[in-house]
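Notes follow the structure.
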Amino acid sequence: MLSVALLGWTLDFLRPFRWRAAAIVALALAEVGLATLAPWPLKVMVDSVLGETPLPSWLTDLLPSTLASGGTALLVAVVVAGVVIQLGGETVRMIHTQLQIGVGQRVVYALREQLLGHLQRLPLGHHIRHRTADAVYRLDADAYCVDDLIIGGVFPLLVAGLNLAVMFAVLVYVDLTLALLALTVAPFLYLSLRRNTGPLSERAESVKLGESTLVERAFEILSSIAAVKSFSRERHELERFSAAGARTMQARLGLTWQESGFSLSVTAITLLGTALVLLVGGLHVLDGRLTVGSLLVVIAYLAAVYGPVSEIARTTGSLQQAVVSARRVQELLALLPETDRPDAVDAQQLEGRIRFDAVNFSYDGQRTVLEDVSFDAQPGELVALVGLTGAGKTTLANLIPRLLEPTDGQVLVDGRPVSAYRRDSLRDRIALVPQTPVLFTGSIADNIRYGRLDATDAEIEAAASAAHAHDFIARLPDGYATDVAEAGASLSGGERQRIGIARALLKDAPILILDEPTSSLDALSEAEVFDALRHLRRGRTTLVIAHRLSTIQDADRILVLHHGRVLAQGTHEALLASTPLYRAMCARLSLGRSLDVSSTSTVDELLQDLASR
């Protein structure tokens, strides 16, 4: 049911378009006025031109004597007047409809912008816990709720209410008894509405959940199409999609049946109301208390009032879906976004000194990822983070730009907690290179420029050269203007990684965070990139999540993480001498095997594995 609170929330979206909304109301008034006039030329024709009833005195006074006397001239005048009123009504209705649709579309896109902005401001943890496809469905399909509620609910109800008020007043003037009879349908319509609204709302919610699941399923399949094809699971995925589709279809059919039944009941009620008015009106005509023309006016008014009511009944299912969508949108908007402290400061002058002070982190207070982590990193230093899978390396790195917030303890930059800086300002001073760089739709130059939107072409080329990406880009047919396929699928892993490094270098930030930046590069390219990074990290604080021995050996200091704690820290040589876990991992790497093994492995298991080879 459309509550007052939900209605108020919906109408708030009209505030930026209040002048257009006012024009819609004015056009609605004009439309109701013309609809009120529309039956009267027919009444005059039936009663005074074709019949014997004299023209009303006020009309006789207005018309020229040649028309007031009746005959062919009056017939032509009445027909022309009827055509002009009808054409005027259709013209106003057309403008009214176009303006409504225009406002509805503007409101939808305004809501979409608000939703996307809100989604971007939500903490990273929300996006980790919730499916992307559901957010996309709310952004795309559920955003139409405001259009459906305004165009399919508020405005039609407004027109119907105006029609009812004006035409009931005229009906009272024409025949009080018929006017009261026309209202007898109201209690039955109310009971029918009460009886059907609850089930319709439940079915509409089932449909929305089913459609959202379908989008999630399709999104999952298409985003993982390489895995689907490599395992030949096309038929399996199609069957899963079909099963979800069948459930959604059944929910949709159930909603349609209920909506059709409700529409039938409303139509039956209004038909019975019309029949009752016709019966009594006919008796009044036979008694001479009412003219045939006046009865035609009554019938036209009933159609004008009952028509919108029946139309609203036919679209009640859609309105209930809009209500469900509106609640889903409100749920999303109710989630708390990332916020800055009122006294947050700008971070533009950062030097890049990082300190972790007894930092703990857990997801939802359940699974502890980091525990009592403390260390320092100074400008000019390269600090490597090593550890088994699940040791907390990426989580630790994400705490610096406040992608995640520590549960306890403090992360400080230049002696201030990161929470004391404005998020956007802080993140502007941090360059991040993920292990699998994300590439966006657009050219290669656009993707590198993502690091600094005001960068010139020369600066982009210089960053690409520093990342050893210029040569392969220059060999492409359109060079830097080459379009990138979705998610960078047209490029190799190493090429994507070099573009990601170039993007970070272009940002020229005092803090550089690298998540195994050379994992997809061959040995020669890796050496070239690290030569560039050695030069570029001067004066910068660089943290690198390391899975390769070459990266570890190049670090000024190494943190060994195990089960979320800093097990040891020091140089490569010192850790080899003092830390069995580090020694075992390096031995494994020297055999060409992955360092990133299960965090449940023990030092003894690693050593046994190495001894068996």
Side-chain angles (χ1 to χ4, degrees), residues 2 7 10-45 76-112 141 143-171 182 259 263 266-267 270 274 296-319 321-322 325-326:
L2 184 59
L7 179 61
T10 304
L11 292 177
D12 276 342
F13 286 96
L14 287 177
R15 290 185 185 276
F17 314 105
R18 52 186 174 275
W19 294 113
R20 293 175 185 267
I24 289 172
V25 172
L27 287 168
L29 290 171
E31 189 176 336
V32 170
L34 289 168
T36 304
L37 292 175
W40 290 94
L42 182 60
K43 169 183 165 50
V44 172
M45 176 183 289
V76 172
V78 169
V79 171
V80 169
V83 170
V84 168
I85 292 172
Q86 292 289 345
L87 283 178
E90 289 302 317
T91 302
V92 170
R93 188 174 294 112
M94 178 190 71
I95 299 172
H96 187 193
T97 300
Q98 290 300 316
L99 196 54
Q100 280 189 166
I101 292 173
V103 169
Q105 290 298 307
R106 285 176 171 84
V107 166
V108 167
Y109 283 97
L111 177 56
R112 281 179 174 165
Y144 271 100
C145 65
V146 286
D147 180 48
D148 293 337
L149 289 174
I150 292 172
I151 303 303
V154 174
F155 287 156
L157 283 172
L158 175 65
V159 174
L162 287 171
N163 267 324
L164 181 61
V166 173
M167 295 185 181
F168 180 74
V170 179
L171 282 176
E259 185 179 353
S263 177
V266 170
T267 301
T270 55
T274 303
L296 291 175
V297 170
V298 171
I299 294 170
Y301 282 5
L302 285 178
V305 173
Y306 288 168
V309 172
S310 298
E311 183 62 32
I312 291 171
R314 280 192 290 273
T315 60
T316 297
S318 299
L319 289 175
Q321 290 184 72
S325 291

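- For Val107 against Ile150, the heavy-atom pair with the smallest separation is CG1-CD1, 4.3 Å.
- In this structure the side chain of Leu149 never reaches within 4.5 angstrom of the side chain of Phe13, judged on heavy atoms.
- Here the shortest heavy-atom pairing between Pro39 and Tyr301 reads CG-CE1, 3.4 Å.
- Expressed to the nearest 0.5 Å, how far OG1 of Thr36 lies from CD of Glu31 amounts to 10.5 Å.
- Among all heavy-atom pairs drawn from Val103 and Leu14, the shortest one is CG1-CD2, 3.5 Å.
- The list of side chain to side chain donor-acceptor pair (under 3.5 Å) pairs with a residue in residues 97-107, not counting sequence neighbours, reads His96-Gln100.
- Between Ser325 and Asp148 there is no side-chain heavy-atom pair separated by less than 4.5 Å.
- Closest approach of Ala30 and Val92 over heavy atoms only: CB-CG1, 4.1 Å.
- Between the CD atom in Glu90 and the CD1 atom in Ile95 there is a gap of 11.5 Å [rounded to 0.5 Å].
- Atom CD1 of residue Ile151 and atom CD1 of residue Ile24 lie 6.0 Å apart, to the nearest 0.5 angstrom.
- Of the inter-residue distances, the one linking Tyr109 atom OH with Asp147 atom CG reads 10.5 Å to the nearest 0.5 angstrom.
- The distance from atom CG of Leu99 to atom CZ of Phe17, rounded to the nearest 0.5 Å, is 11.5 Å.
- Interatomic distance, CG of Leu27 versus CE of Met94, reported as 10.5 Å (0.5 Å rounding).
- Residues meeting the side chain to side chain donor-acceptor pair (under 3.5 Å) test with Arg15, sequence neighbours left out: Asp12.
- The shortest non-hydrogen separation linking Ala143 to Val108 is O-CG2, 3.9 Å.
- Nearest heavy atom pair, residue Cys145 against residue Ala322, reads CB-O, 3.3 Å.
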